[in-house]
Amino acid sequence: MITDSATLEKVARSRADTPACDTVVHFDNAGSSLPPRQVVDRVVRHLRREESVGGYIAADEVHDELDDGYATLARLVGARPEEIAITDSATRSWLSLFTAVRWREGDRVLTAAPEYSSNLIAMLSVAREHGVSVERVPSTEEGDLDLDGLRAMLDDRVRMVAITHAPSNGGLVQPVERIGEIVADSPALFLVDACQSVGQIPIDFDAVRADALSATGRKFLRAPRGTGFLAVRRSVLDELTPSHVDLASGAIEDGHVRLRDDARRFELFERNVAAVLGLGEAARYYLDAGPQWVHDYVTGLAEHLRGLLGELPGVAVTDIGSRRSGIVSFRAGTTPARELVATLRDRGVHVTVSHAASTPWDMESRGLDELVRASVHYYNTPDEVSRFREEVASALR
């Protein structure tokens, strides 16, 4: 774990920008992180302006800042501003793309065992309505997607490969760059769910070779709830027809609807402008912190946490994968996860329960019903990790 003076100084600065660090140990960043005060201040300042002049005038006044948000998010994931659409969540982003595909009977969708349940629900709904086949690519013994298995399953009928970069639990980070190389040699679309990775893992849209990537604001990016974004490669736009279009995403010409020729065809006119400004502020804050530094620190802190938890009698860390994220999942003997989570919360330590319903294929195949999920960030410290271990030990006693 990185604990040099420069790192400790950056952690201290981020904690100073996060007032709640003085009162709680927040290890629920995979659920919803603590936003820095700069993000909260930007949101509140705009709401105060709306209070004075109304939403339309207030929005007009920040037109340039809103427009700059697209460039900032593009820089965040290595895309171009015209490839970015801003939405209200990762789910909305993912569904907007997935439902825009013109599905045909006989199409195949390939995904992985740890896929998120909301994504699976959409896939299985399309399977029922359009005669599409949803198929699971095998995993390696370590839990990664099996690349040879993917190659063997790809054919001209595979319409999409949909992979979650960092699943909701289990610590796994899928090798999306290598997956992208394989998919690029096929006619399939490659959709990456980066909900849990944006804000903790550097992402390069071109290096991943994804056709689309969905993300949220409230998790590791530290933006307000009700924000998200979608990156869509311009070269695939003609293949995609959004299910919902309004005057922001299209126009009427000669009695016909003409869609925008950029990713904003996936947007709708109405949105929470204050929250969108907060999203831009959060993206700038993360970029200023340094994505690679954040990744190295968070990854090291998570491994430190896994090691300390593994020392406790009866505690079993259940993480998988050859590469791991800042998400740490574990079982605590016969103590129900929900009971341990409630006890820890009463002591000012925030974690959450991860249920089998969130990643059903993965957890059911491993015989897991519920887990404690602890997810660290760059405002967390080694001392907090040590305290967490002691709180867990105390609760189990």
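Between the side chain of E391 and the main chain of R347, no donor-acceptor pair closer than 3.5 Å is present. No side-chain donor-acceptor contact under 3.5 Å links E50 to the backbone of H46. At least one donor-acceptor pair closer than 3.5 Å links the side chain of E267 to the backbone N or O of I86. Side-chain N or O atoms of D88 include none that pairs as donor or acceptor with a backbone N or O of G226 at under 3.5 Å. For the pair S186 (side chain) and A188 (backbone), a donor-acceptor distance under 3.5 Å is present. Under the 3.5 Å distance criterion, the side-chain polar atoms of D155 are matched with a main-chain donor or acceptor of V158.
Residues S329 and N169 have side chains that never bring a donor and an acceptor to within less than 3.5 angstrom of each other. Between the side chains of S358 and S117, not a single donor N or O lies within less than 3.5 Å of an accepting N or O. Side-chain atoms of S322 and D144 form a donor-acceptor pair, as typed in the model, at a separation below 3.5 Å. Looking at T7 and D4, their side chains do bring a donor and an acceptor atom within 3.5 Å of each other. Residues N119 and D193 bring a donor and an acceptor atom of their side chains to less than 3.5 Å of each other.
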> Between S133 and E135, does a side chain to side chain donor-acceptor pair (under 3.5 Å) hold up when you go through it step by step?
Replying inline: CA-CA 6 Å; S133 172; E135 303 168 37; 2.8 Å; yes

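Aromatic ring pairs are classed by plane angle as parallel below 30°, tilted from 30° to 60° and perpendicular above 60°; the pair F388 and F27 is tilted. Classified by interplanar angle (parallel below 30°, tilted 30° to 60°, perpendicular above 60°), the ring pair H377/Y379 is tilted.
Using a cut-off of 4.0 Å between Lys/Arg side-chain N and Asp/Glu carboxylate O, D362 and R366 are scored as salt-bridged. Contact check on R233 versus D206 returns a salt bridge, with a Lys/Arg side-chain nitrogen under 4.0 Å from an Asp/Glu carboxylate oxygen. A salt bridge links R15 with E384; the closest basic N to acidic carboxylate O contact falls under 4.0 Å. Taking a cutoff of 4.0 Å between a charged side-chain nitrogen and a carboxylate oxygen, R284 and E281 qualify as a salt bridge.
Every ring pair (Phe, Tyr, Trp, His ring centres under 6.0 Å) that W103 has, sequence neighbours left out, goes to F98.
Both the sub-6.0 Å distance and the 45° axial angle are not jointly satisfied by R92 relative to the ring of F266.
Residues P382 and L301 have side chains in contact (heavy-atom distance under 4.5 Å, counting atoms from C-beta outward). Side-chain contact between P36 and R222 is present, with heavy atoms from C-beta onward closer than 4.5 Å.
Taken to the nearest 0.5 Å, the CZ atom of R42 stands 4.5 Å off from the CG atom of L277. Atom CG of L124 is separated from atom OG1 of T111 by 10.0 Å, given to the nearest 0.5 angstrom.
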